[in-house]
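Structure first, then comments.
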There are 2 protein chains.
Amino acid sequence: MPKSKRLLELMMTVNRKRRFKVQELADEFGVSKRTILRDLQELSELGVPLYSEPGPHGGYQVVRERVLPPIAFTEGEAVSIFFAVDALRHYVSLPFESESSSALDKFYRHLPGDVRDRIDAMKNRVDIVTPRRRREAPCLAVLLNAAIDGRVLRIEYESAEAAAEAAVGGAIEGATEGKRGSKAKPGVRSIQPIGIYASNGLWYCPAYCFLREGVRVFRCDRIRSAEPDPAGTPPIDLEGRHLGNRKQYEPGHPSSGEGDGAAGKLRASLTPEGVRRCEPEPWLTEALSVLPDGGGMLEGRVPANDIGFYARFFAGLGREAAVLEPAELREAVRRELERALAHYS
Amino acid sequence: MPKSKRLLELMMTVNRKRRFKVQELADEFGVSKRTILRDLQELSELGVPLYSEPGPHGGYQVVRERVLPPIAFTEGEAVSIFFAVDALRHYVSLPFESESSSALDKFYRHLPGDVRDRIDAMKNRVDIVTPRRRREAPCLAVLLNAAIDGRVLRIEYESAEAAAEAAVGGAIEGATEGKRGSKAKPGVRSIQPIGIYASNGLWYCPAYCFLREGVRVFRCDRIRSAEPDPAGTPPIDLEGRHLGNRKQYEPGHPSSGEGDGAAGKLRASLTPEGVRRCEPEPWLTEALSVLPDGGGMLEGRVPANDIGFYARFFAGLGREAAVLEPAELREAVRRELERALAHYS
DNA sequence: CGAATTGTTGACGGAATCTGTCACCATTAT
DNA sequence: ATAATGGTGACAGATTCCGTCAACAATTCG
């Protein structure tokens, strides 16, 4: 094998096995130790960060970084990657060990000059924004690792009742009615994380909660601390639950058919502005139809358990929506609005 | 220079100048044409997509793709890049020519096996979601290019009055009061895009509007078509406006000090749930303070022009908020709630 | 300490490769 | 037709590469 090819292969091999011995590679490539040594030195000069230790149990290691083999990207592909990673800068916390900005820097610096020019031209012309939040979520990495390995954690959570029950992801917050109070004192509970996801700039963690004996969604910025469960609670079988099929385990909403509790038929009319306000809600997209005049209709089902949540939602839409049925919901919205009105008279 | 180094340098050179002749490179590297030819063939075998044409004005070209030189990424960096790009899959439309999924595929395939394993383990455990929208925005690339080159476009826009005025980005929708109607008929106007940005799953395009003689924000999915202005309207000087300083040109809100119109002092108290609902609003973060019991206060200024917008917003919060001053706002919220209540009696 | 393991360096000659030259062909624009 | 440009094959000489050997250094383990 010619040297140039061997070097490239060596680069990949070395990256695959992070630790190795010279003799090992020599056998693998069918060349002498001396040659491998020479090659390794060359790789080193080319930027592969190798570190070696003599002695028994010694050997070579790729130390902090790994070298990606050359990749052929379209100019457009490189640009999309750049802006995708750039979008992450809006997040205060990320679950990955290293700053994404360092990756971005490296990527940018290695791009051929003219692609760089193109990116510069686009830099202040394209953005994928996420609401910037002040609250940090320090435990993301711990939660993520626990989810991957299926471990049980003990967490301190800010709001024992209300938030735990209610935080079901951005828009659906409050889907399950809970007794709300001013409980901000952290409570301790054991959970087994299923995964983490960011929505609208906040991180959420669906997890099996051993306290409530069921799956709940936690807001990661409210998790004050997370550590391996000291009681050694054995992990339960999550039956293949993960983020991909998460929806199935969430409280019912109009598009998801039968939730818990009897479901009633929902009909509501919307002004054009009402349509605009409903479009962002992912749990409504299926129920929403837009009329030619810009207004719209919502048609679906509302589980009896969630009347409270729906009432608040429609009250929030104010005059941009009018619930036609079910009657209970109309009544609930009316009560909701009257309670609000009480603040202003 | 040893061949191995020459090959790597050649790879980069070839990527810098996308078109070149063999003789040119031979001179540059101080070797013979024959050698360069051999090298080029090798690069070709290594995956660099070269294309050549004989004859005068012929020469070599790097055809569709470019090869990035080897980059040293931390394992963590590679993982962040993966999930950043993966997050883009939620978008129906992107302004880049090529699918970001192809970039992701390539990236994934070239990763060393164990990093790939790590990603696989995380795949259903981490997500950065964006509300999936049904509406496509077909003109993104056109708008972006016009913004980069400072060109004037003629667009067909769905809602001549309401949406043009109101679409000021996700949360601030409706910040400027406009006469809302059921106008869904597309209107034609000339604009000069400043940039495009995605917020909450929808694409927006701030642009100078020659019809309204000022900067407006357009929702890209409502732009039915966009083409170079046939009237040849000369571009205006945007005075360095771009996405980075966009905020300065937006209608005032509590944190941005003096808007147009006299500003009144705003004070409102929030329940803990109210705090939760206000936290996501970027334009409120400065005004919001959280009390130890979980409740909160909003303190800032409200421009007289925006009373209508604020009234709607607080009406939407329902009983989770109580405006204390100014009195005009209290009165406006009350009227808002009463109008809503009229639908339910 | 001494033995074993592993990396590090230098030297050298033979083997393998790379390179330049030259000759000739193919394609295309002018 | 002519000139410009890429493409290929062959071959000898130049260069690099490679294996072997030898000596040394650092570390672990008994």
Side-chain angles (χ1 to χ4, degrees), chain A residues 1-67 69-70 72, chain B residues 1-67 69-70 72:
Chain A
M1 189 192 308
K3 183 185 177 185
S4 40
K5 287 198 206 309
R6 197 184 54 228
L7 272 181
L8 287 176
E9 297 224 6
L10 195 60
M11 190 150 81
M12 305 203 229
T13 308
V14 149
N15 276 320
R16 204 174 44 247
K17 26 161 69 116
R18 313 250 308 232
R19 297 185 59 107
F20 54 89
K21 305 204 197 319
V22 177
Q23 187 63 55
E24 200 177 308
L25 293 184
D27 294 345
E28 217 165 290
F29 281 85
V31 298
S32 73
K33 261 179 62 179
R34 188 67 181 85
T35 304
I36 292 292
L37 242 1
R38 282 193 271 245
D39 287 353
L40 286 177
Q41 179 162 0
E42 249 181 275
L43 281 192
S44 209
E45 280 162 18
L46 283 174
V48 187
L50 294 171
Y51 169 73
S52 64
E53 265 188 344
H57 311 307
Y60 266 88
Q61 297 181 50
V62 182
V63 72
R64 3 156 225 131
E65 312 187 308
R66 339 199 55 189
V67 173
Chain B
M1 189 190 310
K3 184 185 176 185
S4 40
K5 287 200 207 300
R6 195 183 56 228
L7 272 181
L8 287 175
E9 296 223 8
L10 196 61
M11 190 153 81
M12 305 205 225
T13 308
V14 148
N15 276 320
R16 206 174 44 247
K17 22 160 70 120
R18 314 220 0 203
R19 296 185 59 109
F20 54 89
K21 304 205 200 318
V22 176
Q23 187 62 56
E24 200 176 310
L25 292 184
D27 294 345
E28 215 164 293
F29 282 85
V31 297
S32 74
K33 263 177 61 179
R34 188 68 181 87
T35 303
I36 292 293
L37 274 174
R38 282 193 271 244
D39 288 352
L40 286 176
Q41 180 161 359
E42 250 181 274
L43 281 193
S44 210
E45 280 161 17
L46 283 173
V48 186
L50 294 171
Y51 170 72
S52 64
E53 266 187 345
H57 312 309
Y60 266 88
Q61 298 181 51
V62 183
V63 71
R64 27 186 190 111
E65 311 186 311
R66 339 199 56 189
V67 172

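Naming: A, B, ... by sequence-line order, numbering from 1 per chain.
B:Glu42 is listed as a side-chain neighbour of B:Lys3, based on a closest heavy-atom distance under 4.5 Å. With a 4.5 Å cut-off on side-chain heavy atoms, A:Leu37 and A:Gln41 do not count as touching. Side chains of A:Ile36 and A:Gln23 form no contact here, defined as non-hydrogen atoms less than 4.5 Å apart.
Rounded to whole Å, atom P of D:dG7 lies 11 Å from atom OH of B:Tyr51. When the P atom of C:dT8 is taken as reference, atom CD1 of A:Ile36 falls 13 Å away, rounded to whole Å. Between A:Leu7 atom CG and D:dC18 atom C1' the separation is 13 Å, expressed in whole Å. As rounded to whole Å, 16 Å separates atom C1' of D:dC18 from atom CZ of A:Phe29. Across the protein-nucleic acid pair, B:Leu25 atom CG and D:dG7 atom P stand 12 Å apart, rounded to whole Å. Taking atom NZ on A:Lys21 and atom P on C:dA4, their separation rounds to 18 Å, with Å as the unit. Taking atom CG on B:Leu37 and atom P on C:dT21, their separation rounds to 14 Å, with Å as the unit. In this structure, CD of B:Gln23 is placed 17 Å from P of D:dA3, rounded to the nearest angstrom.
Contacts of residues 52-59 of chain A with DNA chain D (heavy atom under 4.0 Å): A:Pro54, A:Gly55, A:Pro56, A:His57.
Looking at B:Arg34, its side chain comes within 3.5 Å of the base of D:dG9 through a donor and an acceptor atom.
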Counting primed atoms plus P, OP1 and OP2 as sugar-phosphate and everything else as base, spell out the protein contacts along nucleotides 12-19 of chain C at 4.0 Å heavy-atom distance: B, S or - for each nucleotide, 5' to 3'. ------SB
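Remark: B:Arg38 CZ to B:Leu7 CG distance equals 12.5 Å, nearest 0.5 Å. Atoms OG and CD, from B:Ser4 and B:Glu9 in turn, are 10.5 Å apart once rounded to the nearest 0.5 Å. Distance check, rounded to the nearest 0.5 Å: CD of B:Glu24 to OG1 of B:Thr13 gives 10.5 Å.
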Tabulate below the donor-acceptor pairs under 3.5 Å that side-chain atoms of residues 43-58 of chain A make, not counting sequence neighbours, or state none.
residue, atom, partner, partner atom, Å
A:Tyr51, OH, A:Glu53, OE2, 3.4

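The side chain to side chain contact (heavy atoms under 4.5 Å, CB included) test with A:Leu25 is passed by exactly one of A:Thr35, A:Asp39, A:Val31, A:Leu10: A:Leu10.
For the residue pair B:Ala26 and B:Ser32, the shortest heavy atom distance occurs at CB-C, 3.9 Å.
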